[in-house]
Amino acid sequence: MDSALTLSQDQAAAFDNITEMLRAAGVNLEDSLLTPPRDGKSSVAAVVGKAGSGKTLLLAELVKDLEAAGVHIVSGDYEGKRTKDRRTLAILAPTNKAASVLRMRGVPATTIHRILYTPVYDPEYERIAEWLAGQGDRPEIEGLTEEALNRAFAFYQTHKSIPGALAAAGLRGSDFITGWKRRDEPLDIGFVDEGSMLDDRQYEDLKEIFPTLLLFGDPAQLAPVNQSGAMIFDTMPEQSKFELHRIHRQDADNPILDLAHALADPQLDFHSFEQMVEETAKRDDRVIWGQRVEVDLMARSPVLVWRNATRIRLINAFRAVYDAPEDRMLEGEPLICDGIELPLKHRKKRLDLEARGLIKGAQVIYLGPGRKPGFSRLHVIGAEDPQVSAASIVKIEKPDEEEPFIPFAARMGATFLHGAAVTIHKAQGSQWEDVQVFAPDLYVAAKMGRVEAGQPLWKRLAYVAITRAQERLHWVVRNRLSRPSGPLRVDDLQVAPAPLKLEEEIQ
């Protein structure tokens, strides 16, 4: 790779260090020489830098070079037969949304959770998967025409998704996936984006799975809630951390990133920062000084808040303006998966749900009731196969009430909170085109004077919230809500070509 053409100086230095790390692990990028994995050898490193420093560009360049060298990409939807000499790479993110952000940039990422659980394919259709992955000859399958196989092949060349390719051939997920199994063997090389979100347990699990592990993350973000302000980067030796300082050239004229990086000034107080936001909004339409929360945006990108009380008030205001009845959900209402409530004896059903993207923190759009009482049809934002029907327990919290209101519930299944507003902590790992930040909450954090990891908490909250915006930042300064321009909609959601019939399986 001619890294001088695409990488800044600090990116190139990090690339060279990572190349040495991979060479020691038996992957030589310079001459595309691969040697079998060495048992007992392990290495961990991290690429750290603030938003806009080029972490994702570096990750994408490394993936491209590893593929060119003959390293196989392991995805969450299919894994070919293991061979002694084959070298593999998995690109992971903690959430569906974070993985989808990478996929939109051409990086074949999946979730950490999905790589822990691998699908079991029907042997007949596994022959198609092997052929698509370049590990077998073109098969002859009874009931599938040559044209159908050609459609599958063309789809896979563009999207690298085995289930998507089989769906393009006219197959349903329930035709070719017979179940899910927990991974019981280690993999090879792992790249993990949004490493700041990892807690100690996840970090240890990843080190067990990947002898060669490279993390990418932003140390200016918020640490996991259960980590007391510490990130896993803090425990790593300095020689294993490669820091990116320079704001990359394609982000040089980005007012959102300019505001995020201004927060590093220790002399900047909340009032001065708000003045900076207001002045930026006057000259650049990518920053909006909002006098109210725009309700039209809340169904797809939640309002970001600090306090739970604010979150609950905004959710109830959102439902009120759409005249949502208390005893049922409206199609198009957003939800956040809060976990899965199933007893241990239903482990396979839990795996089915989690493997389809219903992991804690997943963003979901309610599509309507399922065919059975207590079931919901759902669209999982960022999932590779987004439409699911599953037993659901929906909880809508009320202001000043300890117990949430439950409009309907299955006896057990996936549990959900409303998703029109979320805390900034839970928004980490996600990005949206438009992001609304509820500034009065950050003002309260500033007045309280709280500090986290040596930084005023309001600045860490503001940094994370601002950097969730891909295109436009709405800085909302008043506790008001707009009227909707129309009813909630679902016609804008991508329809999966072949959803698994989990409604029949998960009861």
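Quick note: numbers below take in every heavy atom, side chains included, and nothing from hydrogens, waters or symmetry partners.
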Enquirer: Evaluate the side-chain proximity of Tyr203 to Met236: yes if any heavy-atom separation is below 4.5 Å, no if none is.
Expert: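 With C-beta onward as the side chain, the pair touches.
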Enquirer: Is the shortest heavy-atom distance from the side chain of Leu442 to the side chain of Ile424 under 4.5 Å?
Expert: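 Counting from C-beta outward, Leu442 and Ile424 do come under 4.5 Å.
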Enquirer: Tell me, which pairs form a ring pair (Phe, Tyr, Trp, His ring centres under 6.0 Å) where one or both residues lie in residues 426-447, sequence neighbours left out?
Expert: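 Sorted result for residues 426-447: Phe270-Tyr443.
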Enquirer: Flag the pair Thr110 / Val74 as yes when at least one side-chain heavy-atom distance between them is below 4.5 Å, and no otherwise.
Expert: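 Counting from C-beta outward, Thr110 and Val74 never come under 4.5 Å.
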Enquirer: Less than 4.0 Å between a side-chain N and a carboxylate O, is that true for Lys360 and Asp338?
Expert: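 Lys360 and Asp338: salt-bridged.
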Enquirer: Which atom names give the shortest non-hydrogen contact between Tyr156 and Ala165, and what distance separates them?
Expert: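 What the structure gives for the nearest pair is CB-CB, 4.1 Å.
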Enquirer: Does Gln275 have any side-chain hydrogen bond (donor to acceptor under 3.5 Å, both in side chains) partners at least two apart in sequence or in another chain, and if so, which?
Expert: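 side-chain hydrogen bond (donor to acceptor under 3.5 Å, both in side chains) check on Gln275 returns nothing, list empty.
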Enquirer: Please answer whether the main-chain N or O of Gly54 pairs with a side-chain N or O of Gln11 as donor and acceptor at a distance below 3.5 Å.
Expert: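 Checked: pair present.
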Enquirer: Within the side chain of Arg468, is there an N or O that forms a donor-acceptor pair under 3.5 Å with the backbone of Val464?
Expert: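 Yes; at least one donor-acceptor contact below 3.5 Å.
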Enquirer: Between the side chains of His418 and Glu397, does any donor sit under 3.5 Å from an acceptor?
Expert: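 Side-chain D/A pair, His418 to Glu397: absent.
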Enquirer: How many angstroms lie between CG in Leu102 and CD1 in Ile91, if you round to the nearest 0.5 Å?
Expert: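 With rounding to 0.5 Å, CG (Leu102) is 8.5 Å from CD1 (Ile91).
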Enquirer: Can you tell if the side chain of Leu335 reaches within under 4.5 Å of the side chain of Ile365, non-hydrogen atoms only?
Expert: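 No; the side chains remain at least 4.5 Å from each other.
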Enquirer: Tell me, with the steps shown, if Asp218 and Lys50 meet salt bridge (charged side-chain N to carboxylate O under 4.0 Å, His left out).
Expert: CA-CA 5 Å; Asp218 184 343; Lys50 290 187 178 181; over 6 Å; no
Enquirer: Using the test ring pair (Phe, Tyr, Trp, His ring centres under 6.0 Å), find all partners of Phe216 that sit at least two apart in sequence or belong to another chain.
Expert: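 With sequence neighbours excluded, Phe216 shows a ring pair (Phe, Tyr, Trp, His ring centres under 6.0 Å) to Phe191, given in chain and number order.
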Enquirer: Salt bridge check: are Lys241 and Asp234 linked by an N-O gap of less than 4.0 Å?
Expert: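 Looking at Asp234 together with Lys241, the answer is no, because their closest N to O distance does not fall below 4.0 Å.
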Enquirer: Between Arg292 (side chain) and Ser482 (backbone), is there a donor-acceptor pair under 3.5 Å?
Expert: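 No, the answer is negative, given that no donor and acceptor are paired below the 3.5 Å cut-off.
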Enquirer: Give every residue pair that meets the salt bridge (Lys or Arg N to Asp or Glu O under 4.0 Å) criterion with at least one member in residues 296-308, sequence neighbours excluded.
Expert: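 Matches after skipping sequence neighbours: Arg300-Asp492, Arg307-Asp441.
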Enquirer: Between the side chain of Ser301 and the main-chain N/O of Asp434, is any donor-acceptor distance below 3.5 Å?
Expert: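 Checked: pair present.
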Enquirer: Testing the basics here: between Ala46 and Leu214, what is the closest heavy-atom pair and its distance to 0.1 Å?
Expert: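 Between these two residues, the closest heavy atoms are N-CD1, 4.0 Å.
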Enquirer: With side-chain contact (heavy atoms from CB on, under 4.5 Å) as the criterion, how do Ile336 and Phe416 come out once you've worked through the C-alpha distance, each side chain's angles and the decisive distance to 0.1 Å?
Expert: CA-CA 5 Å; Ile336 301 287; Phe416 298 95; over 6 Å; no
Enquirer: Are Thr95 and Thr111 packed together at the side-chain level, in the sense that at least one heavy-atom pair is separated by less than 4.5 angstrom?
Expert: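 The answer is no, as the side chains (C-beta and beyond) never meet within the 4.5 Å cut-off.
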Enquirer: Looking at every non-hydrogen atom in both residues, tell me the closest pair between Pro302 and Gln363 and how far apart they are.
Expert: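 In terms of heavy atoms, the two residues are closest at CD-NE2, 4.0 Å.
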Enquirer: Do you know which two heavy atoms are closest between Pro108 and Val63, and how far apart they sit?
Expert: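 Here Pro108 and Val63 meet closest at CD-CG1, 4.3 Å.
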Enquirer: Without swapping roles, check the side chain of Lys97 against the backbone of Gln431 for a donor-acceptor pair under 3.5 Å.
Expert: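 Yes; judged by distance alone, with no hydrogens or angles, the pair exists.
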Enquirer: Identify, with sequence neighbours excluded, every residue that meets ring pair (Phe, Tyr, Trp, His ring centres under 6.0 Å) alongside His474.
Expert: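 His474: no ring pair (Phe, Tyr, Trp, His ring centres under 6.0 Å) contacts found.
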Enquirer: Looking at Ile312, is its backbone amide N or carbonyl O close enough to the side chain of Asn316 to form a donor-acceptor pair, meaning the two atoms are under 3.5 Å apart?
Expert: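 It does hold such a pair.
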Enquirer: How far apart are the closest heavy atoms of Gly170 and Arg151, and which atoms are they?
Expert: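 In terms of heavy atoms, the two residues are closest at N-NH2, 4.4 Å.
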Enquirer: Quick one: do the Trp475 and Glu274 side chains pair a donor with an acceptor below 3.5 Å?
Expert: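 There is such a pair (donor and acceptor under 3.5 Å, judged by atom type) between the side chains of Trp475 and Glu274.
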Enquirer: If you compare all heavy atoms of Ala93 against all heavy atoms of Ala99, which two are closest, and at what distance to 0.1 Å?
Expert: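 The answer is CB-N, 3.6 Å.
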Enquirer: Would Leu473 and Thr280 count as a side-chain contact (heavy atoms from CB on, under 4.5 Å) here? Give the steps.
Expert: CA-CA 11 Å; Leu473 169 67; Thr280 303; over 6 Å; no
Enquirer: Does Ser376 use its side chain to pair, donor to acceptor, with the backbone of Ser392 at less than 3.5 Å?
Expert: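 No; judged by distance alone, with no hydrogens or angles, the pair does not exist.
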Enquirer: Between Arg472 and Glu433, does the salt bridge (charged side-chain N to carboxylate O under 4.0 Å, His left out) criterion hold? Intermediate values first, please.
Expert: CA-CA 6 Å; Arg472 285 168 297 278; Glu433 283 193 9; 3.7 Å; yes
Enquirer: Output the distance between atom CD1 (Ile112) and atom CD1 (Ile359), rounded to the nearest 0.5 Å.
Expert: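 Here the rounded value is 8.5 Å.
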Enquirer: Determine, stepwise, if the pair Glu326 / Arg319 fulfils salt bridge (charged side-chain N to carboxylate O under 4.0 Å, His left out).
Expert: CA-CA 9 Å; Glu326 288 209 347; Arg319 299 200 82 230; over 6 Å; no
Enquirer: Are the side chains of Arg480 and Val293 in contact, using a 4.5 Å heavy-atom criterion?
Expert: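 Val293 does not reach Arg480 side chain to side chain.
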Enquirer: Tell me whether Lys459 contacts the main-chain N or O of Asp265 through its side chain, where contact means a donor paired with an acceptor under 3.5 Å.
Expert: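 Yes, the answer is positive, given that a donor and an acceptor are paired below the 3.5 Å cut-off.
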Enquirer: Does the side chain of Pro404 reach to within under 4.5 Å of the side chain of Ile396, using non-hydrogen atoms?
Expert: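 No - every pair of side-chain heavy atoms lies 4.5 Å or more apart.
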Enquirer: Using only atom types and a distance under 3.5 Å, with no angle test, would you say the side chain of Thr235 pairs donor to acceptor with the backbone of Ile232?
Expert: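 Yes; judged by distance alone, with no hydrogens or angles, the pair exists.
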Enquirer: Is there a salt bridge (charged side-chain N to carboxylate O under 4.0 Å, His left out) between Glu279 and Lys282 once you walk through the steps?
Expert: CA-CA 5 Å; Glu279 289 301 317; Lys282 289 175 182 175; 3.3 Å; yes
Enquirer: Would you please name every residue forming a side chain to side chain contact (heavy atoms under 4.5 Å, CB included) with Arg483, sequence neighbours left out?
Expert: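 Once residues adjacent in sequence are excluded, the partners of Arg483 under the side chain to side chain contact (heavy atoms under 4.5 Å, CB included) criterion are Val321.
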Enquirer: Assess the side chains of Asn308 and Arg311: does a donor N or O sit below 3.5 Å from an acceptor N or O?
Expert: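 Judged by distance alone, the side chains do pair up.
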Enquirer: Are the side chain of Tyr322 and the backbone N or O of Ala317 linked by a donor-acceptor pair below 3.5 Å?
Expert: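 Not at all, since once roles are kept as given, no pair shorter than 3.5 Å links the two residues.
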Enquirer: Any non-hydrogen side-chain atom of Ile340 less than 4.5 Å from a side-chain atom of Thr415?
Expert: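 They are not in contact (no side-chain heavy atoms under 4.5 Å apart), so the answer is no.
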